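Just below is one structure, and these are the notes that go with it.
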There are 2 protein chains.
Amino acid sequence: MDSKTQARLTTRANVFKALAHPSRLLIVEELARKERCVCELTEMIGADMSTVSKHLSVLKGAGIIQDEKRGLQVYYRLKMPCVLRFFDCVGEVIETNVKEQWELVNLR
Amino acid sequence: MDSKTQARLTTRANVFKALAHPSRLLIVEELARKERCVCELTEMIGADMSTVSKHLSVLKGAGIIQDEKRGLQVYYRLKMPCVLRFFDCVGEVIETNVKEQWELVNLR
DNA sequence: ACACTATTTGGCAAACTAGCCAAGTAAAAT
DNA sequence: ATTTTACTTGGCTAGTTTGCCAAATAGTGT
């Protein structure tokens with residue numbers, strides 16, 4: 001694999017990495033509905049605010065979400081709504097897996 | 001976050017995790033073109049065959065690819081081609097990031 | 001200027017991931 | 001039956017990620 005391909009794939013992999021955590025997926029799903037401040041997201045996730053803040057900075061670093069400070073709060077919103085289209089396919093993958101496991105079990 | 005949501009998100013995150021590595025993305029791209037045996041993929045990636053085999057088992061475990069043994073070789077193929085649709089959006093995300101950095105640089 | 005609130009950052013331990021090598025398995029060829 | 005080839009698995013080390021706590025920063029209100 002040449003270094004140009006390597007670089008291209010690493011950049012792409014980083015976007016997937018940003019989405020590869022349950023709390024970060026919850027954040028994306030929630031921001032798809034409406035913008036939210038860190039305290040609201042922290043409440044939903046139920047982790048330390050510093051932990052949530054770090055998750056947010058991973059998503060922001062990947063260019064998936066955006067922030068805006070208003071007064072004391074920082075509001076985050078979904079910057080690339082196209083990521084929501086991922087979820088259909090991910091659902092399909094999981095559904096297929098479940099079906100296959102079910103069939104395996106039913107072979108007596 | 002209740003435990004049902006937690007479970008749903010963890011399952012979904014695992015699909016993204018499987019895609020979150022440059023070699024695994026190369027594998028997916030290549031299998032989108034045609035099925036390949038482990039030795040061909042190993043050649044392309046340029047890592048130890050045992051490493052490639054482990055990457056393949058991550059993708060297989062996530063339900064994204066499928067294998068079939070024929071003689072001495074094991075052939076892998078893309079099982080869920082819908083993941084290819086991810087790439088358009090990932091490209092869009094990266095392009096947007098690059099544009100923004102470019103604009104930042106050009107502010108004098 | 002001081003206290004208060006919302007958020008980010010640094011530091012650290014625990015858990016996880018990646019890659020190599022060596023050893024194991026399974027089908028094919030001799 | 002033994003050897004060879006293609007692949008997988010186990011074991012180990014190095015590097016990365018996660019999450020908590022404590023400390024720092026930045027606005028707001030008094």
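Source: prediction; values computed, not measured. Throughout, a chain's letter reflects where its sequence line sits, starting with A, and its residues are numbered from 1.
B/Thr10 and B/Gln6 are linked by a side-chain donor-acceptor pair at a separation below 3.5 angstrom, with hydrogens and angles left out of the test. Using a 3.5 Å distance cut-off with no hydrogens or angles, the side chains of B/Thr5 and B/Asp2 do pair a donor with an acceptor.
Here the side chain of B/Gln73 is nearest to one of C/dC20, D/dG27, D/dA6, namely D/dA6. For A/Ser53, counting side-chain heavy atoms from C-beta on, the closest listed nucleotide (C/dT7, C/dT8, D/dC20) is C/dT8. The nucleotide whose nearest atom lies closest to any side-chain atom of B/Lys54 is, among C/dC20, D/dA6, C/dT8, C/dC20. When each of C/dG19, C/dA6, D/dC7 is scored by its nearest atom to the side-chain atoms of B/His55, the top-ranked nucleotide is C/dG19. Side-chain proximity of A/Leu72 to the nucleotides C/dC20, D/dA26, D/dT18 is greatest for D/dA26.
At least one side-chain heavy atom of A/Leu84 sits under 4.5 Å from a side-chain heavy atom of A/Leu78. For the pair A/Val38/A/Tyr75, no side-chain contact is recorded, criterion being any heavy-atom separation below 4.5 Å from C-beta on.
Atom-to-atom, CD1 of B/Ile27 to P of D/dC7 comes out at 13 Å; the value is rounded to the nearest Å. Note: NZ (A/Lys60) to C1' (C/dT7) measures 12 Å, nearest angstrom. The distance between atom CD of B/Glu68 and atom P of D/dC7, rounded to the nearest whole Å, is 13 Å. Across the protein-nucleic acid pair, A/Asn14 atom CG and D/dT16 atom P stand 12 Å apart, rounded to whole Å. If you take CE of B/Met49 and P of D/dC7, they are 5 Å apart, rounded to a whole angstrom. When rounded to the nearest whole Å, the span between CD of B/Glu40 and C1' of D/dC7 equals 14 Å. The interatomic distance linking B/Ile65 (CD1) with D/dC7 (P) rounds to 13 Å, in whole Å. Distance, A/Ile45 CD1 to D/dG19 C1': 12 Å, rounded to whole Å.
Heavy atoms of B/Ser57 sit nowhere under 4.0 angstrom from any nucleic acid atom. Among the protein residues, B/Ser23 comes within range of no part of the nucleic acid, since none of its heavy atoms lies under 4.0 Å from any strand. Using a 4.0 Å heavy-atom cutoff across all strands shown, A/Lys17 reaches sugar-phosphate atoms only and no base atom. A/Arg70 comes within contact range of no nucleotide atom at all, as no heavy-atom separation falls under 4.0 Å.
Note on ring orientation: taking the six-membered ring where Trp is involved, the planes of A/His55 and A/His21 are tilted (angle from 30° to 60°).
For B/Tyr76, a side-chain nitrogen or oxygen approaches OP1 or OP2 of D/dT8 to under 4.0 Å. Look at A/Ser50 and you won't find any side-chain N or O under 4.0 angstrom from OP1 or OP2 of D/dC20. In this model, the phosphate group of D/dC20 is approached by a side-chain N or O of A/Thr51 to a distance below 4.0 Å at OP1 or OP2.
Take the nearest nucleotide of DNA chain D for B/Tyr75 and for A/Gly71: the residue whose nucleotide is more 5' is B/Tyr75.
Of the residues listed (A/Lys79, A/Lys60, A/Arg77), the one engaging A/Glu68 in a salt bridge (Lys or Arg N to Asp or Glu O under 4.0 Å) is A/Arg77, and it is the only one.
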